[in-house]
Amino acid sequence: MSHPHYSERTAKILQITLLGSVSNALLVGLKLFIGVFGHSSAMIAEAINSLSDFVADLIALIFIRISGKPQDKDHHYGHGKYETLASVVMAVVMMGVGALLFYHSIDKVYAIVVRGSHLPSPSHLALVVAVISLSLRRGYSTDIHPVGLRYSKVQH
């Protein structure tokens with residue numbers, strides 16, 4: 001995914017982020033399907049979490065492309081500060097998702113405790129999907145860790 005206007009660092013970060021976004025998109029679909037049809041609130045919450053990761057990946061892809069541009073007459077020091085803006089946008093998205101999941105959890109507990117609602121037992125498929133998800137995430141994090149160390153702006 002080399003682009004003539006991007007550094008090796010930016011091109012590699014774009015490649016890794018694109019891989020993560022594809023992985024997250026697949027996990028959203030799989031977790032949501034199993035969560036709904038397998039009666040697993042936890043898996044639906046995981047689907048929402050993966051959706052927020054996917055949205056964060058899309059935000060990152062946009063801002064990486066912007067921040068990876070070289071300096072020009074209007075940006076004498078380059079576009080790197082957009083990485084900070086991307087971090088703020090992603091943090092707001094994550095806080096929103098956290099608030100949504102918190103509200104949903106409180107609502108479920110209230111329904112069970114106060115209204116006596118029945119909580120259906122999740123299907124065994126939910127466990128299988130959880131293991132698949134953990135395996136994908138572990139493999140992905142193992143792949144990106146060395147890239148993160150190599151291209152990090154923070155000196156180790």
Quiz item: Under 4.5 Å between side-chain heavy atoms, hopping through other hydrophobics if needed: is there a path connecting L27 to F37?
Solution: yes
Quiz item: Quick one: CG on L30 to CG on L136, what's the gap to the nearest 0.5 Å?
Solution: 9.0 Å
Quiz item: V22, L51: one ILVMFWY side-chain cluster at the under-4.5 Å cut-off?
Solution: no
Quiz item: Are the side chain of S117 and the backbone N or O of A111 linked by a donor-acceptor pair below 3.5 Å?
Solution: yes
Quiz item: What distance separates L125 CG from I34 CD1, expressed to the nearest 0.5 Å?
Solution: 4.5 Å
Practice problem: Kindly compute the distance separating OG (S21) from CG (D53), expressed to the nearest 0.5 Å. | Solution: 11.0 Å
Quiz item: Rounded to the nearest 0.5 Å, how far apart are CG of D107 and CD1 of I112?
Solution: 10.0 Å
Self-check item: Main-chain N/O of A47 paired with S50 side-chain donor or acceptor, under 3.5 Å
Solution: no
Self-check item: Polar side-chain atom of T17 near backbone of I13 as donor-acceptor pair, under 3.5 Å
Solution: yes
Practice problem: To the nearest 0.5 angstrom, please state how far the CG atom of L58 sits from the CZ atom of F63. | Solution: 12.0 Å
Quiz item: Run the side-chain contact (heavy atoms from CB on, under 4.5 Å) check on V97 and M94 step by step: do they pass?
Solution: CA-CA 5 Å; V97 169; M94 296 297 170; 5.5 Å; no
Self-check item: Same cluster (ILVMFWY, side-chain, under 4.5 Å), L32 and L100
Solution: yes
Quiz prompt | Positive for side-chain contact (heavy atoms from CB on, under 4.5 Å) with I59, one of D57, V55, L61 | solution = V55
Exercise. Take M43 and V129, measure what side-chain contact (heavy atoms from CB on, under 4.5 Å) needs, and give me the verdict at the end.
Key: CA-CA 8 Å; M43 193 56 63; V129 171; 3.8 Å; yes
Quiz item: When rounded to the nearest 0.5 angstrom, what distance separates CG in L127 from CD1 in I132?
Solution: 10.0 Å
Quiz item: Counting distance only, does the side-chain N/O of S105 pair as donor-acceptor with the main-chain N or O of L101 below 3.5 Å?
Solution: yes
Quiz item: Which atom pair, heavy atoms only, marks the closest approach of M90 to A56?
Solution: SD-O, 3.5 Å
Quiz item: Heavy atoms, side chains only, cut-off 4.5 Å: are N49 and E46 in contact?
Solution: yes
Quiz item: Do I48 and S52 touch side chain to side chain, with heavy atoms closer than 4.5 Å?
Solution: no
